[in-house]
S.K.: 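Here it is, the structure, as structure tokens.
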Amino acid sequence: MSVRKLLRPGLRDFKPYQSARRIGGDGELWLNANESPFNPIGDASELSLNRYPEPQPEGLLQDYADYAGVTPSQLICCRGADEGIELLIRSFCVPGSDSILYCPPTYGMYQVSGALNGVSCKEVPLTADGQLDLKEIEAQLPGVKLLFLCRPNNPTGNCFREQDIRKVLELCTGRALVVLDEAYIEFCPEKTLCCWLKEYPELVILRTLSKAFSLAGIRCGFVLGSPELISILKSVIAPYPVPTPVCELARRALSEKAVARMREQVKLLCGLRDALFGALSTLPDLKAFPSEANFVLLESPRASCLFEFLSRQGIIVRKMAHPGQLRLSVGSQAECEQLISAISQWSQEPSYV
Ligand SMILES: *Cc1c(COP(=O)(O)O)cnc(C)c1O
């Protein structure tokens with residue numbers, strides 16, 4: 001099946017902007033992009049910041065492809081996974097008629113990007129045990145172009161069953177794309193479904209350097225999919241989405257040594273997360289959700305009170321849309337200890353509001 005037939009009709013034979021870098025050329029004297037010949041900010045930087053960057057830096061694509069175990073033709077680099085979400089919606093959904101589907105509680109940007117693009121949002125809540133409601137997904141599928149599944153899921157922290165994802169992919173064959181958001185996959189790398197990309201042309205995977213790679217500040221993410229899907233996204237994305245310094249820093253983070261260091265940090269964070277989960281589980285009036293990512297969701301009838309208590313101690317956690325739920329990120333060891341001690345203190349003062 002060609003995913004091209006799922007594209008917005010207006011984009012089926014769309015001619016992308018021919019930027020100077022995209023057209024390219026052969027020579028030494030580059031006078032085709034109205035760039036400045038001078039080094040910026042008096043800096044003799046080797047980064048050639050006076051030049052436009054490559055639209056999709058080849059070296060970076062190769063580095064990430066090697067890291068993810070795919071080929072460079074299966075990925076596009078964008079300004080965070082968030083831009084990937086937006087790019088998919090803009091490419092495939094006709095405003096006012098197509099829908100997207102996601103399963104709350106989940107990452108908030110699917111809804112926001114859908115709404116910003118005039119696309120209606122169908123919500124199929126997770127089951128009581130935090131899994132996909134396959135029957136309801138099937139019932140809601142007509143009119144849906146994109147299905148967003150976050151795994152591990154933000155904010156519940158769990159992974160949906162592999163056989164259920166397979167069922168969703170089978171339901172969507174020829175009808176819709178299944179966007180698997182693997183923003184936290186480094187915290188449970190054995191759960192990645194990257195190796196399914198070859199098997200399912202409707203499968204799209206989102207990745208980011210913002211979480212386990214500690215690079216939220218550079219805004220760098222990737223969309224992985226079939227070469228056909230990727231070439232479509234390359235024609236829709238802004239002409240120069242990867243700034244030269246971002247490319248440079250991302251490539252450093254993908255070096256063998258830096259990836260090994262990231263994996264060590266992930267191990268440390270997973271240990272701290274389990275300790276946080278353990279400590280929370282001993283407290284009355286609190287339910288902590290087991291997590292495979294770098295955060296723990298907790299639920300309490302007195303969550304707002306806990307939120308206020310923590311914020312008075314200068315500890316900022318995330319209030320979730322679902323009343324009674326707070327999401328706690330796993331920080332450094334000292335930060336986790338401070339958090340646990342504050343929550344224990346709160347739970348020993350039940351009258352404290
Ligand atoms: C943080 C997050 C993102 C966004 O990642 P960026 O690359 O920083 O845009 C996407 N999906 C989920 C589930 C996230 O938690």
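Positions are given from 1 along the sequence. When a ligand or atom number is given, it counts from 1 through the structure's own listing order. In what follows, every heavy atom counts, from backbone to side chain, and hydrogens, waters and symmetry copies are set aside.
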S.K.: Listed by chain and number, what are the side-chain contact (heavy atoms from CB on, under 4.5 Å) partners of Ala20, not counting sequence neighbours?
M.R.: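 Counting only residues at least two positions away or on another chain, Ala20 forms a side-chain contact (heavy atoms from CB on, under 4.5 Å) with Asn32, Ala33, Tyr240.
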
S.K.: Which heavy atom of Cys103 sits nearest to which heavy atom of Leu149, and what is that distance?
M.R.: SG-CD2, 4.3 Å

S.K.: Grab the two heavy atoms, one from Glu228 and one from Ser2, that are nearest each other, plus how far apart they are.
M.R.: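 That would be OE2-OG, 2.6 Å.
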
S.K.: Could you tell me whether Lys145 sits above the aromatic face of Phe92, with NZ or CZ closer than 6.0 angstrom to the six-membered ring centre and within 45 degrees of the axis?
M.R.: no

S.K.: Relative to each other, are the rings of Tyr107 and Tyr110 parallel, tilted or perpendicular (30° and 60° limits)?
M.R.: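 The rings of Tyr107 and Tyr110 stand perpendicular, inter-plane angle above 60°.
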
S.K.: Which protein residues have a heavy atom under 4.0 Å from ligand 1?
M.R.: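 Gly80, Ala81, Asp82, Tyr107, Cys150, Asn154, Asp181, Ala183, Tyr184, Thr208, Ser210, Lys211, Arg219.
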
S.K.: Looking at Arg166 and Glu162, does any basic side-chain N land under 4.0 Å from a carboxylate oxygen?
M.R.: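 Between Glu162 and Arg166 there is no salt bridge, as every charged N stays at least 4.0 Å from the carboxylate O atoms.
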
